[in-house]
Amino acid sequence: MNEINKPKLTNKMRTIIFLVFLIGLFISGLNAGFIGPVLPIIEQTLNVNSRLSSWVYTTYLLLFVIGSPILAKISEHYGKKRAFTISLILFLIGTVLIVIGRSSIICIIMGRCFQGFGGGGIHPVASAFVGDYYQVQKRGMLLGIVSTIFGLSTICGPLLASFIIPYGWEWLFILNIPMMIILIIFSNYYIPNFEISRKLNIDKIGSILLIIVASSLSIGINQIDSNNFISSICSKEILLLFIVFIITLIILIKVEKRSKEPIVPIHMFKNKDIKTATEIIFIYGLGETIEIYIPSFTIVAMSLSYTDASLLMLPSLITFTSASLLVGKLTDKYGSRLLIKTGLISLLIGLVIMVTYSTNMTLFIIGEVFESYGLLTIVASPIRYIVLCETNFGDRNSGQAILNMSNYIARIIGGALIGGLIASFSGTIIGYKIFYVFIIIMAIIALILSFRLKNHKEQLESMYENQNKK
């Protein structure tokens, strides 16, 4: 289906649909945010080691990578309402599994699998809806709202966890169940099937290859022993998994190029801007690891308590949430390239300050604000705006899914890399600083890549051209 044949929605119905999508995004973000504070408690209460418990986090990322393109394809063929409802149901099943099986680490991991797969379909649907049903002049701002909601959920997740965990960590998930049931009922009965369904020819071979690619990479990275980083990478088991990953990835690319309905739309990489956006958001995924490790970094650098170190996450979270809408409005006015360039410069300034003045709390916080704003311009409106400009109606879900896949694969890699560096230098500040320098180099590469992007005038021309395609 193309732009000129898309269904018409009243302003009221369009607003209702968008709000429902945002609520779903918020709930999924809350559940993702809970895991950080909950993991140590799960390890303690179930008496499991950190390697096993890490699968609670890793399986979510893995299934998110797999679920994003599959649910995007379902959205393109059966409509956003059905794809969104399926995503919510899968997320609900995962949440129920976690609650019922809270005394079993296997059940918790299985629940996170369902949550990850379902979560993979929520963000692309919300972002694609903005591109499909809102005016060009408002898309950046609305993508900013999507980012703000997601940012708020990441703030509320850990904060809510600190209040509820004393009553039992499982209540974090129990309280989500009635909210998700209500949202599923509302979505199913009060949102019309506003898009025409068409037959879906499932790319079975592509789907299987994608699962093998994502699984071999995730399992290989998860098996790396941080205390013996180099030797474990060179072990037969991990080398075999990485060889499987590389060979299967090559086969997947060849298969998807020939497929009429590819699960991973390789053809989109022919578009220079989409390819560049995917490369830049991959670098963002690596850099985002810094955010996760800010508490442990500051504990080592400033000898802070865990509580005080955790509070140093607030500047990042406040910056991300408060600036998302502004960045969205600026994207509408100036386009993606300018925002991404200035953001990457801000990221570089922030990283240099954080790594140079890691023992000075005031300067560290200033650097953190610069760094957070820089990351925001990559992951939020500007980068997703590129895909909205370069795709037409029916392809935008898959375009957004590509960004999610690239981002989450980078998160898996980044987490293993910084963990290995920290362990290799016995938890001293040297390991952290080497990773910061690595991300500085990657940010410079991203800045160079950003010069390949279209300017705002060219972006608008592409967007209007895609709207009028038959």
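Salt bridge present: Asp132 and Lys80 bring a charged side-chain N and a carboxylate O closer than 4.0 Å.
Ser187 and Thr85 form a side-chain donor-acceptor contact under 3.5 Å, judged by distance and modelled atom types alone. Side-chain contact annotation: Arg452 with Thr276, donor-acceptor N/O pair under 3.5 Å present. For the 3.5 Å distance criterion, the side chains of Asn397 and Glu76 fail to qualify, holding no donor opposite an acceptor. Between the side chains of Asn404 and Arg384, at least one donor N or O sits under 3.5 Å from an acceptor N or O. With 3.5 Å as the limit, one finds a donor-acceptor pair spanning the side chains of Lys454 and Ser462. For the residue pair Ser316 and Ser372, a side-chain donor N or O sits within less than 3.5 Å of a side-chain acceptor on the partner.
Contact check for His267 versus Lys257: no side-chain heavy atoms found under the 4.5 Å cut-off. Inter-residue side-chain proximity for Ile98 and Cys107 is flagged as unmet; no heavy-atom pair is nearer than 4.5 Å. You'll find the side chain of Tyr385 reaches within 4.5 Å of the side chain of Gln459, heavy atoms only. Counting heavy atoms from C-beta outward, Phe186 and Ile23 have side chains that stay 4.5 Å or more apart. Pro69 is listed as a side-chain neighbour of Leu210, based on a closest heavy-atom distance under 4.5 Å. Ile108 places a side-chain heavy atom less than 4.5 Å from the side chain of Leu46. The shortest distance between side-chain heavy atoms of Tyr334 and Leu339 falls below 4.5 Å. Glu371 places a side-chain heavy atom less than 4.5 Å from the side chain of Ile290.
Summarising the local packing, NZ of Lys275 is surrounded by 12 or fewer heavy atoms from other residues, nucleotides or ligands at distances under 6.0 Å. Within a 6.0 Å radius of CE in Met110, other residues, nucleotides and ligands contribute 12 heavy atoms or fewer. Within a 6.0 Å sphere centred on CD1 of Ile205, heavy atoms belonging to other residues, nucleotides or ligands number 12 at most. Remark: Phe117 CZ is packed, more than 12 non-hydrogen atoms of other residues, nucleotides or ligands lying under 6.0 Å away.
In terms of modelled atom types and a separation under 3.5 Å, the side chain of Arg112 and the main chain of Val56 share a donor-acceptor contact. Proximity of a side-chain donor or acceptor of Arg396 to a complementary backbone N or O of Thr391 within less than 3.5 Å is detected. Using a distance-only test at 3.5 Å, with no hydrogens or angles considered, no donor-acceptor pair links the side chain of Thr248 to the main chain of Leu209. In this structure a side-chain-to-backbone donor-acceptor pair under 3.5 Å is present from Ser218 to Ala214. In this structure a side-chain-to-backbone donor-acceptor pair under 3.5 Å is present from Ser215 to Ile211. Proximity of a side-chain donor or acceptor of Asn47 to a complementary backbone N or O of Glu43 within less than 3.5 Å is not detected. Judged by distance alone, the side chain of Ser336 and the main-chain N or O of Pro382 form a donor-acceptor pair under 3.5 Å. The main-chain N or O of Arg411 is never found under 3.5 Å from a side-chain atom of Glu288 such that the two would form a donor-acceptor pair. Checked by atom type and distance alone, the side chain of Lys329 never pairs as donor or acceptor with a backbone atom of Gly140 at under 3.5 Å. Judged by distance alone, with hydrogens and angles left aside, the side-chain atoms of Arg258 form no donor-acceptor pair with the main-chain N or O of Val255 at under 3.5 Å.
For the atom pair CG (Leu338) and CG (Leu453), the distance works out to 11.5 Å, reported to the nearest 0.5 Å. The structure places OG of Ser28 at 9.5 Å from CD of Gln115, a figure rounded to the nearest 0.5 Å. Distance check: Leu217 CG to Ile221 CD1 gives 4.0 Å after rounding to the nearest 0.5 Å. A distance of 8.0 Å separates NZ in Lys333 from CG in Leu330, rounded to the nearest 0.5 Å. Here the CD1 atom belonging to Ile281 is positioned 9.0 Å from the CD1 atom belonging to Ile340, to the nearest 0.5 angstrom. The CG atom of Leu388 sits 7.0 Å away from the OG atom of Ser127 when rounded to the nearest 0.5 Å.
Classified by interplanar angle (parallel below 30°, tilted 30° to 60°, perpendicular above 60°), the ring pair Phe64/Tyr60 is tilted.
Scanning all heavy atoms of the two residues, the minimum distance from Gly120 to Leu71 falls at C-CD1, 4.3 Å. What you find for Thr377 and Gly343 is that their closest heavy atoms are OG1-CA, 3.1 Å. When all heavy atoms of Ser216 and Val244 are compared, the closest pair comes out as CB-CG1, 4.1 Å. Ser87 approaches Ile122 most closely through the heavy-atom pair CB-CG1, 3.8 Å. Nearest approach of Asp273 to Asn271, heavy atoms of both residues: N-OD1, 2.9 Å. In this structure, Thr289 and Leu286 approach most closely via the heavy-atom pair OG1-O, 3.0 Å.
Ring centroids of Phe84 and Phe21 are separated by less than 6.0 Å, placing the two rings close together. Under the 6.0 Å cut-off for aromatic ring centres, Tyr134 and Phe18 qualify, their centroids lying closer than that.
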- Verdict with supporting geometry, Leu376 and Thr319, side chain to side chain contact (heavy atoms under 4.5 Å, CB included): CA-CA 9 Å; Leu376 166 65; Thr319 300; 5.7 Å; no
- Item | Leu88 vs Leu92, side chain to side chain contact (heavy atoms under 4.5 Å, CB included): CA-CA, chis, key distance, verdict | CA-CA 6 Å; Leu88 291 178; Leu92 175 61; over 6 Å; no
- Just do the side chain to side chain contact (heavy atoms under 4.5 Å, CB included) check on Met405 and Val264 with the steps written out, would you? CA-CA 10 Å; Met405 291 171 65; Val264 181; 4.1 Å; yes
- For salt bridge (Lys or Arg N to Asp or Glu O under 4.0 Å), just list the numbers for Arg139 and Asp332, CA-CA rounded to whole Å, side-chain angles, deciding distance to a tenth of an Å, and then say yes or no. CA-CA 7 Å; Arg139 291 177 184 176; Asp332 282 325; over 6 Å; no
- Message: Show, in sequence, the C-alpha distance, side-chain angles and deciding distance for Glu390 and Lys272, and conclude whether the side chain to side chain contact (heavy atoms under 4.5 Å, CB included) test is met.
- Response: CA-CA 10 Å; Glu390 300 300 323; Lys272 183 181 67 176; over 6 Å; no
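If you run side chain to side chain contact (heavy atoms under 4.5 Å, CB included) between Leu252 and each of Ile247, Ile266, Val213, only Val213 comes through.
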